[in-house]
Amino acid sequence: MLSRRSVMAATAGVVAAGALRPADAQAAAAATRWTEARATSWYNRQPWMVGPVYVTSTAVNQLEMWQAATFDPTTIDRELGWAQAIGVNTIRVFLHNGLWNEDPQGLLSRMDQFLTIATSHNIRTFFVLFDSVWRGLYKLGPQPAPLPGIHNSQWVQSPGALTLADPSQYPSLKSYVQGVISRFATDPRVVFWDLWNEADNSGSNDPVNKLDLVAALLPQVYAWAREASPTQPLTCCLWAGDWSTPSNFNAVQSAIMANNDINSFHNYGFVENFAQSANWMALYGRPVICTEYMARNIGCLFDTVLPFGKSRNLGMINWGFVVGKTQTNIPWDSAQHPYGDASAYGGTAFQIVVEPNGIKPVGPYAGETPPVWQHEVLHPDGTPYRNYEVQLIYDLATQGGSQPTPQSVVSQLRQG
């Protein structure tokens with residue numbers, strides 16, 4: 001089984017590192033991190049958070065989801081109505097700094113519209129501002145179609161390789177962070193801020209010194225966010241490694257754990273592996289939310305992991321909701337052997353394909369999409385992939401029984 005890190009391994013380019021400027025260092029030192037007591041008090045006032053990472057099924061990536069020409073409130077309203085029907089109360093949604101650079105007021109307006117729709121379904125949102133995963137280069141405007149048979153084939157990093165490698169562009173990142181957060185700093189529709197997804201992960205076209213660049217930039221991002229005076233807490237996740245002691249942290253993880261108001265993590269393992277990660281996170285004395293889990297094909301199941309999370313009062317956010325253009329029902333390893341017919345790539349010459357992770361395919365083609373979905377919960381028409389799962393989510397979210405039956409929630413979805 002390929003690891004997610006191996007699937008995302010990058011082709012590297014040589015770039016120069018940026019130094020932490022004195023003014024930013026002073027701002028970082030002056031910023032006020034929430035105390036453990038304040039974070040715990042805040043968390044105790046929240047309902048148990050449960051829901052998905054939400055990407056509109058009609059969008060291939062963050063840019064297509066949010067750009068004016070492809071923003072799709074009709075689909076958002078329909079799909080979040082389905083989410084409400086199965087008990088979802090919280091969703092995780094990715095943004096992108098390029099959207100701010102292109103049209104800041106338009107982005108804020110569409111975010112407000114999105115939050116209004118979500119709130120109409122009794123769902124709160126937390127936004128992800130940056131992301132270190134998948135494609136390091138991107139273009140605004142019309143987005144390419146998904147590559148046939150490949151998981152998340154057009155997802156793009158934020159800020160992206162070129163901006164990350166050029167400190168002269170960091171003021172635009174500060175403007176983005178502060179512009180977005182200040183607009184919604186006191187908005188109860190936003191539950192918290194997820195500043196950087198898997199900050200120490202990798203993707204295509206990464207700078208060779210990406211880890212150093214992120215480790216220097218990330219404390220500035222926390223400081224910029226705090227200068228915007230949000231009433232919501234800040235977090236970034238840990239996702240790989242042994243977190244049982246701070247001596248195991250890399251530079252990015254150290255920055256995260258020194259600045260988080262609340263802690264968050266990702267885990268796609270069996271329930272016993274998930275429990276180990278949760279136990280490690282509990283050592284650090286702050287509320288904990290799992291902001292990614294659930295990969296059926298490698299043993300991370302709603303059936304086992306979600307009840308465990310509820311028993312520990314961990315916020316639980318799975319990857320994916322309605323299957324669509326991101327194709328994340330297809331396994332991670334599809335980047336190396338697409339799940340589809342070779343004719344989609346011009347016969348057998350699929351070494352010419354631009355892979356999302358920069359790795360040449362190893363072949364052969366895997367043929368049909370596996371019957372077991374990796375991620376996602378619903379088909380495009382709202383039909384559950386597994387009836388048991390949606391009833392389990394509903395019952396746990398609404399304090400229901402521990403032995404769900406599939407009829408009630410499924411009937412609601414069909415009526416919707």
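Everything quoted here is computed from the prediction, not taken from an experiment. Residues take their numbers from the sequence shown, with the count starting at 1.
Between Gly320 and Val377, the shortest heavy-atom distance links the atoms O-CG2, 3.7 Å. Across every non-hydrogen atom of Gln169 and Thr163, the tightest pair is OE1-OG1, 3.1 Å. For the residue pair Cys236 and Leu195, the shortest heavy atom distance occurs at SG-CB, 3.7 Å.
Side chains of Glu79 and Tyr54: a donor on one and an acceptor on the other come within 3.5 Å. A donor-acceptor pair shorter than 3.5 Å can be found between the side chains of Gln143 and Asn61. In summary, the side chains of Trp239 and Asp200 do present a donor paired with an acceptor at a separation below 3.5 Å, with no hydrogens or angles considered. A donor-acceptor contact closer than 3.5 angstrom is absent between the side chains of Asn318 and Arg92. Residues Asn329 and Arg296 have side chains that never bring a donor and an acceptor to within less than 3.5 angstrom of each other. Inspection of the Gln374 and Asn297 side chains reveals an N or O donor paired with an N or O acceptor under 3.5 Å. For the residue pair Gln62 and Ser158, no side-chain donor N or O sits within less than 3.5 Å of a side-chain acceptor on the partner. With 3.5 Å as the limit, one finds a donor-acceptor pair spanning the side chains of Trp196 and Ser132. No hydrogens or angles considered: a donor-acceptor pair under 3.5 Å links the side chains of Asp395 and Gln391. Judged by distance alone, the side chains of Arg135 and Ser153 never bring a donor and an acceptor atom under 3.5 Å apart. The closest side-chain donor-acceptor pair between Asn205 and Gln157, if any, does not fall under 3.5 angstrom. Of the N and O atoms on the side chains of Glu376 and Tyr385, not one donor lies less than 3.5 Å from an acceptor on the other residue. Looking at Ser41 and Arg45, their side chains do bring a donor and an acceptor atom within 3.5 Å of each other. Counted by atom type alone, Trp193 and Thr235 present zero donor-acceptor pairs between their side chains at under 3.5 Å. No donor-acceptor contact under 3.5 angstrom links the side chains of Asp333 and His151, judged on distance only.
Not a single salt bridge (charged side-chain N to carboxylate O under 4.0 Å, His left out) links Arg286 to another residue, sequence neighbours left out. For Arg124, there are no salt bridge (charged side-chain N to carboxylate O under 4.0 Å, His left out) partners two or more places apart in sequence or in a different chain.
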Can Ser277 and Trp243 be said to form a side-chain hydrogen bond (donor to acceptor under 3.5 Å, both in side chains), step by step?
-> CA-CA 8 Å; Ser277 293; Trp243 317 320; over 6 Å; no
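Ring geometry for Phe274 against Phe308 counts as perpendicular: the plane angle is over 60°, on a 0 to 90° scale with 30° as the lower cut. Ring geometry for Phe94 against Trp319 counts as tilted: the plane angle lies between 30° and 60°, on a 0 to 90° scale.
Checked against the 6.0 Å centroid criterion, the rings of His379 and Trp82 do not qualify as a close aromatic pair.
Between Asp261 and Arg38 there is no salt bridge, since none of the side-chain N atoms of the basic residue sits less than 4.0 Å from a carboxylate O of the acidic one.
For CZ of Phe249, the number of neighbouring non-hydrogen atoms (other residues, nucleotides, ligands) closer than 6.0 Å is greater than 12.
Exactly one of Tyr138, Tyr176, Phe127, Phe130 qualifies for a ring pair (Phe, Tyr, Trp, His ring centres under 6.0 Å) with His96. That residue is Tyr138.
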